Number of protein chains: 2
Amino acid sequence: MDKKIRIKDIAQMAQVSVGTVDRVIHNRGEVAKESYSKVMAILEKTGYKPNLIAKTLGSNKTYKIAALMPNPEQDEYWNQSIEGIKQAKEEWTQYGVQLQTLYFDLYDKESFIKLAETVCESNPDGVLMAPIFYNEALHFINTCKEKNIPFVLINNNIEQAGPLSFVGQDLYQSGRVGAELLHLNEKENGTYAILHIYDDIHNSTHLNEKEKGFKDYFVEQNNGHTYNVLSRDLNYTHESTLEKELSDLLNESTLKGILVTTSKGAYTVSKLLEKKGKNGVRLVAYDLLAENLHYLNNGIIDFLINQNSKRQAFVGISQLSNHLLFKKQATASYLFPLEIISRQNVNSYLNSKQH
Amino acid sequence: MDKKIRIKDIAQMAQVSVGTVDRVIHNRGEVAKESYSKVMAILEKTGYKPNLIAKTLGSNKTYKIAALMPNPEQDEYWNQSIEGIKQAKEEWTQYGVQLQTLYFDLYDKESFIKLAETVCESNPDGVLMAPIFYNEALHFINTCKEKNIPFVLINNNIEQAGPLSFVGQDLYQSGRVGAELLHLNEKENGTYAILHIYDDIHNSTHLNEKEKGFKDYFVEQNNGHTYNVLSRDLNYTHESTLEKELSDLLNESTLKGILVTTSKGAYTVSKLLEKKGKNGVRLVAYDLLAENLHYLNNGIIDFLINQNSKRQAFVGISQLSNHLLFKKQATASYLFPLEIISRQNVNSYLNSKQH
DNA sequence: GTGAAAGCGCTAACAG
DNA sequence: CTGTTAGCGCTTTCAC
């Protein structure tokens with residue numbers, strides 16, 4: 001019935017050679033009008049689908065993909081992304097995809113700029129990037145566009161950049177999930193805080209998204225209660241003032257819950273909360289990092305929201321590879337589910353092949 | 001450095017022909033011990049990885065996989081599995097995998113038996129199955145084994161069957177997660193119920209697993225409180241008695257939470273709870289079915305635990321295909337994370353490509 | 001403009 | 001036991 005139809009078959013039907021068929025398929029010109037339309041007609045009629053396997057084998061091409069990532073030694077979170085890239089490498093090298101992962105300093109814009117230049121010079125066929133530094137990333141993206149190099153963003157999006165694909169989460173909704181988890185089964189009025197604890201240089205556009213979601217959640221609860229919602233930007237390089245500010249917050253008697261949006265911050269808050277006692281204050285943080293897991297298991301952290309940076313990177317590379325090799329259209333916005341991690345399901349995540 | 005190394009290269013190094021190398025790679029015998037070990041050594045040293053693209057193209061084979069699934073019209077849950085199988089089909093047909101999905105009646109063992117026979121006669125190269133009917137499935141599995149047909153189980157395992165792979169969840173832990181979600185932030189004594197609501201014919205071994213986890217969770221809470229844990233097996237075909245039993249349960253003044261382990265059951269309990277008012281009784285159920293989503297969104301259901309049957313099916317087929325085509329060793333027990341679904345993260349799951 | 005032919009890396013049949 | 005060789009379907013080069 002629908003046995004596979006090959007270029008050869010088309011050629012036969014059109015009474016031309018495979019070369020000619022190939023030329024019309026790829027629109028390479030040098031074909032007489034007559035042959036062209038004859039082949040075209042048959043192509044249509046038969047619904048010819050090229051065999052992608054044969055295609056990649058035949059056109060013995062290789063593709064260079066550059067991944068610009070923060071130095072994984074500076075943050076366990078990014079270490080997981082690197083893992084994901086490694087996994088993707090494993091899968092795609094056999095198809096002729098060459099992956100090069102390059103690290104920039106998470107706290108040094110200059111290092112990113114330099115790296116970006118290096119990448120530009122190497123003329124890759126595709127770029128994967130975590131756009132930590134907004135302006136610098138945007139600049140790099142523009143040169144990518146000029147050079148017609150497709151790029152994929154992970155972790156946080158830069159919408160106006162128009163990437164081939166964004167792979168990450170809905171950060172606004174993520175803030176809402178955080179709020180929900182703090183508010184579960186709470187019937188009284190109370191204070192809820194969202195804390196962004198980071199280094200000076202950190203670019204925080206994406207933290208704002210989370211904050212917006214967090215606040216909106218509480219605004220929308222019209223159940224007769226009033227909620228006092230705080231947000232704090234804290235700098236973790238000034239440890240003494242940080243501790244002071246946190247202590248003040250914890251002394252707030254109406255405090256019900258805290259959402260910490262940055263991984264480093266979670267550690268600091270957890271430690272303090274452990275020392276002072278939870279006193280019914282709930283704590284929600286992000287990601288399955290070793291320290292977070294520790295505090296989840298001992299009850300200081302109530303929930304984690306998993307961003308799955310490993311798989312984000314993996315999917316990002318796959319999107320690029322599929323685009324390059326198979327001309328598959330990439331998913332413009334590949335959003336991951338907002339995974340809620342508790343003490344009882346955490347191991348099912350850690351043991352799962354997918355994570 | 002790590003440029004691709006081909007069979008040809010290996011052959012050259014070992015001073016034999018590609019034919020010989022191919023023979024040792026595939027263990028087809030007919031190779032002198034000496035050559036064998038020489039080639040083997042080089043294979044190891046170079047870390048040779050076959051080019052799968054070339055492999056599938058070269059060995060112009062096709063494989064038939066049969067999937068035995070419950071009729072998706074009888075239960076939305078299984079409809080999702082069928083979706084997953086379709087997705088897998090999309091991905092694997094180009095590699096020469098022919099997928100045939102066959103439905104049996106969820107409430108009729110005979111239909112399964114008949115279907116199994118048909119499948120046997122068609123001599124497939126692999127089988128995917130949801131072993132709903134324990135004994136019947138086991139019988140079919142045995143004939144598969146005799147015929148050396150690899151089979152993958154999804155949804156629930158039959159351990160002694162020794163499948164190529166089981167794709168599903170840790171049901172014991174799933175019960176624990178259910179208990180945790182009911183018990184969140186509850187500080188008082190109380191009654192917690194686990195309900196199995198199903199048809200006569202339904203095989204319930206896997207429900208027991210959930211129940212064990214549920215009970216163990218409460219036993220292990222040594223916080224000075226006492227919990228009254230109930231379990232009920234209810235038959236949903238006798239609607240009047242079912243309602244009566246449920247009403248009795250809901251009238252229990254100390255009742256704090258209910259875990260419903262079956263999808264059909266969730267609907268009945270939700271409806272009743274809606275009518276009588278929640279009164280602080282928590283409800284947790286399974287899966288992202290339309291009805292469940294409705295009751296999640298209107299606040300009757302507090303959480304859902306997602307079993308992700310779609311992806312289970314997808315992964316199951318992939319395991320089989322990889323095994324057949326690439327001789328990749330399948331994961332004996334491919335356990336999915338226990339996904340907690342709340343009002344705030346449900347859409348991120350529904351919109352996600354992975355679900 | 002067009003066709004023939006040599007690959008891509010691997011498989012498998014077939015001489016020796 | 002081993003080497004040679006003709007494919008798999010598509011790409012690409014090179015004569016004519």
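Note that the coordinates shown come from a computational prediction; the quantities given were computed from them, not determined experimentally. The sequence lines fix the lettering, A, B, ..., with proteins before strands; numbering per chain opens at 1. Heavy-atom basis, side chains included; hydrogens, waters and symmetry copies ignored.
For B/Phe151, there are no ring-ring contact (aromatic ring centres under 6.0 Å, His included) partners at least two apart in sequence or on another chain. Contacts of B/Glu83 classified as salt bridge (Lys or Arg N to Asp or Glu O under 4.0 Å), with partners at least two apart in sequence or in another chain: B/Lys86. With sequence neighbours excluded, no residue satisfies ring-ring contact (aromatic ring centres under 6.0 Å, His included) with A/Tyr36. Qualifying ring-ring contact (aromatic ring centres under 6.0 Å, His included) partners for B/Phe166, counting only residues two or more places apart in sequence or in other chains: none. A/Tyr95 meets the ring-ring contact (aromatic ring centres under 6.0 Å, His included) test with A/Trp92; sequence neighbours excluded.
Look at CG on A/Leu43: it is 14 Å from C1' on D/dC10, rounded to the nearest Å. If you take NZ of B/Lys8 and P of D/dT5, they are 13 Å apart, rounded to a whole angstrom. If you measure from atom OH of B/Tyr95 to atom C1' of D/dG9, you get 15 Å, rounded to the nearest angstrom.
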Decide yes or no on salt bridge (charged side-chain N to carboxylate O under 4.0 Å, His left out) for B/Lys49 and A/Glu90, but give the supporting numbers first. CA-CA 10 Å; B/Lys49 293 247 170 123; A/Glu90 199 93 352; 3.6 Å; yes
Could you check B/Val152 against B/His323 for side chain to side chain contact (heavy atoms under 4.5 Å, CB included), going step by step and ending with a plain yes or no? CA-CA 11 Å; B/Val152 167; B/His323 173 77; over 6 Å; no
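B/Tyr349 places a side-chain heavy atom less than 4.5 Å from the side chain of B/Glu339. A/Leu335 places none of its side-chain heavy atoms less than 4.5 Å from the side chain of A/Gln169.
Heavy atoms of other residues, nucleotides or ligands lying less than 6.0 angstrom from CD of B/Gln100 number 12 at most. Within 6.0 Å of CD in B/Gln160 there are more than 12 heavy atoms belonging to other residues, nucleotides or ligands.
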Which atom pairs, one a donor and one an acceptor, fall under 3.5 Å between side chains of residues 119-132 of chain B and the rest of the protein, sequence neighbours left out?
from, atom 1, to, atom 2, distance (Å)
B/Ser122, OG, B/Val119, O, 2.8
B/Asn123, OD1, B/Lys147, NZ, 3.3
B/Asp125, OD2, B/Lys64, N, 2.7

Got a list of side-chain donor-acceptor pairs under 3.5 Å for residues 6-14 of chain B, not counting sequence neighbours?
from, atom 1, to, atom 2, distance (Å)
B/Arg6, NH1, B/Asp9, OD1, 2.8
B/Arg6, NH1, B/Asp9, OD2, 3.0
B/Asp9, OD2, B/Arg6, N, 2.7

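Heavy-atom distances under 4.0 Å link DNA chain D to no residue of residues 45-52 of chain B. Of the residues in residues 57-65 of chain A, those placing a heavy atom less than 4.0 Å from an atom of DNA chain D are A/Gly58, A/Ser59, A/Lys61, in numerical order. Contacts of residues 18-41 of chain B with DNA chain D (heavy atom under 4.0 Å): B/Val18, B/Gly19, B/Thr20, B/Arg23, B/Glu30, B/Val31, B/Ala32, B/Ser35.
Over its length, the helix from C/dG1-D/dC16 to C/dG16-D/dC1 turns its helix axis by 50°, as judged from the five terminal pairs at each end, rounded to 10°.
Using a 4.0 Å cutoff to heavy atoms of chain A, the contacted part of DNA chain C runs 5' to 3' from C/dG1 to C/dG9.
Exactly one residue among A/Val24, A/Val31, A/Ile25 makes a side chain to side chain contact (heavy atoms under 4.5 Å, CB included) with A/Val39. That residue is A/Val24.
Relative orientation of the B/Phe104 and B/Phe112 rings is perpendicular, given thresholds of 30° and 60° on the angle between their planes.
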